Amino acid sequence: MNSENVIVRLNEVEKEFDGVKVVKKLSLDIKEGEFLTLLGPSGCGKTTTLRMIAGFSEATSGEIMLEGVDVSGLKPNERNVNTVFQNYALFPHMNVEDNIAFGLVEKKVPKAEIKERVSEMIKLVQLEGLEKRKPAQMSGGQKQRVAIARALINKPRVLLLDEPLGALDLKLRKQMQLELKHLQQKLGITFVYVTHDQEEALTMSDRIAVMHEGVMEQIGTPDEVYNHPKTKFVASFVGESNILESYVRSVDGDLLHIDLEAGKAALHAKGFGVEEMIYICVRPENVKLSETPVEHFSIRGKVIEHIFAGSVVKTEVELLTGQILKVASHPNDDHVEVGKRVYVHWRPKDAIIVHTVEEQIYNVIEQTTEKLYKEMEGVDEGED
Amino acid sequence: MKAKIKNSLPPLAMIGPSVVWLVLFLVLPLLLVVGISVLKRNGYGGVEFIPSIEAYKSLLSTDYLKVFGSSFLLSIETTVICLVVGYPFAYIIANSSEKIKPFLVLLLMLPFWINSMIRIYGWNTLLRSSGIVNHLLISLGVIKIPIEMLYTDGAVLLGMVYDLLPFTVLPIYTSIEKLDPSLIEAAKDLYCNKRHVFTRVILPLTMPGVFAGSIQTFIPSLGLFYIADMMGGAKTMYIGNLIKNQFMSARNWPLGASLSIILIVITLLLMRLYGKVGSLDDMV
Ligand SMILES: Nc1ncnc2c1ncn2[C@@H]1O[C@H](COP(=O)(O)OP(=O)(O)O)[C@@H](O)[C@H]1O
Ligand SMILES: [Mg+2]
């Protein structure tokens, strides 16, 4: 990655509260102008990470660079970032105008310019006519707009947003997602966005960093994270998925024949050996049901129920082992009757191998040791 | 009809005792005071049953107006000093670590457990000519002869501030506690230094507490009489002492009663103001 357009760099950042690590060895480069989302379940350390970037809390170890400068020890008001808080944190004793102008007043910008920029901002976030309202007299969506305007008016290099849409109802949230995304594209400001809503992350982000218990398990574009989850957690947290445990029975080129408890299956993958245990992830929309057996597959199950959910039909299939498999299909497709036995299969390229974190760490250790051994062997040979 | 009575009995039984209590100990005494205030005095510490508004008329004399003036002045001074001392105090308690906070709040409440008159007497021992402070200063060689500290207006003010400080601190403390910490972070995020965080965010948002604290200090300060007695040697006359004297020594009950009525009216007006300010709370 070109280091010139990295605007925020986290290098092995850790945060401890009372001896408990809530952010672990987090390294992350955020590029100028990108929309980066920290995605993860509640309590995984997203807010803590954001607060360290903003300067509200100090990292226990590691370094944080803003625009190439180490900002440890710099106060929030000395950093060129602004925050949109989880609960808006609007000043209740000030009206919309005064809230938005707050930062500029503090920076001693001339009054005429403040006035101009505030009205520009109010137009940008579509709050015309509400200039004199107090926060208590506004809806959640309107308060949200004020909070965004209050941060953006300072023209920060990076805008930090902590679950800004969390308190809004679904419809408004969807609408604001698009608005925010358009706003970000229009202004070209780097957004670091925190959410626990995977759908929101997939919709809005240029890149998503998925966090789990303080560890960043994967970073990538929405497409990469959704279609190529690296870990079991990412696969199950981002989008719906079926995670299945299996062993490699035989390898045929890049086609892996695998044994599940419930039957045989196949997928495309490289670099695996016979007898190896793997977790595979198959998205519901990629699971196919048929009444006749399909080549390479022998998984059988029983259709438990169909749930009509608008644009998709969600089907649950109980495998012989008792595991429930989620299947999604188009409402116009033919659907096997409830209670009937079916064969389950998928296109070999639609199954993804995922790891648990422990396995990943283990893999890394193994690779490094192997590399070390090889180097040592090389040295030995050289000496001979 | 019978059922109706039956239904209405339990509530009556519930509010009954408190109604009796209120009538016996609030309404009747108050009526008594109002009654006395509009009767004629007799010289032996009682009243003759002849209606008269003489007492109220005499209140308009410059002497009594002066007493009102000095009382208000003392109360205002007390309230202002309590605010200046109490706000930082409340702020420190509210922002102290969770470990020592309960201890500090306890320290604040502790004086309530000891009779105020006894505590004021404690000051007496400290400040009088042969008291601990003078002793200490003399033995340290700072002064040769004892300083007259007790029985001054300053001593009265000190006693008032000492006695009423918790009433100022508690409401302010509550309002600082209620303050959303993310507002302070937002202010810092928007380039405020420490001073501006205070003047632009914390102070305006804790104004309801400041108002409540002021009124809760001002109202009782008007009626306190024993502090002026014990620490001022009753040199300057305040409303509280004046009322006490009319009943205890001057034997002018109607005058004492009318003074009490005026004090009650002033208090009620202030309470009303307090109620209005209290509703400010919802706005902020
Ligand atoms: N000030 C704090 N003191 C102690 N523990 C904290 C503090 N802030 C956060 N934590 C803990 O750190 C973990 C991560 O919290 P947070 O970053 O807020 O998670 P998220 O925003 O992803 O929901 C949680 O377990 C939380 O309890
Ligand atoms: Mg959070």
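Lettering follows sequence order; numbering is per chain, from 1. Owing to the predicted nature of the structure, the values given are computational and were not obtained by experimental measurement.
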So, for [X] and [Y], which heavy atoms are closest and what is the spacing to 0.1 Å?
X	Y	answer
Leu183(B)	Leu90(A)	CD2-O, 3.1 Å
Ala89(A)	Ala186(B)	O-CB, 3.9 Å
Cys192(B)	Asn77(A)	O-ND2, 3.1 Å

Please determine, among Arg79(A), Arg150(A), Lys75(A), Met94(A), the option with the most heavy-atom pairs under 4.5 Å with chain B. Arg150(A)
A quick test of your reading: do over 12 heavy atoms of other residues, nucleotides or ligands sit less than 6.0 Å from [atom1] of [X]?
X	atom1	result
His196(B)	NE2	yes
Lys188(B)	NZ	no
Lys181(A)	NZ	yes

Can you tell if the side chain of [X] reaches within under 4.5 Å of the side chain of [Y], non-hydrogen atoms only?
X	Y	answer
Phe85(A)	Asp180(B)	no
Glu185(B)	Thr83(A)	no
Val105(A)	Tyr191(B)	no

Take Arg200(B) and Glu106(A) through the side-chain contact (heavy atoms from CB on, under 4.5 Å) test and state the conclusion after the steps. CA-CA 10 Å; Arg200(B) 292 191 71 191; Glu106(A) 212 47 50; 2.6 Å; yes
Spacing of Asp189(B) atom CG and Phe102(A) atom CZ [to the nearest 0.5 Å]: 10.5 Å
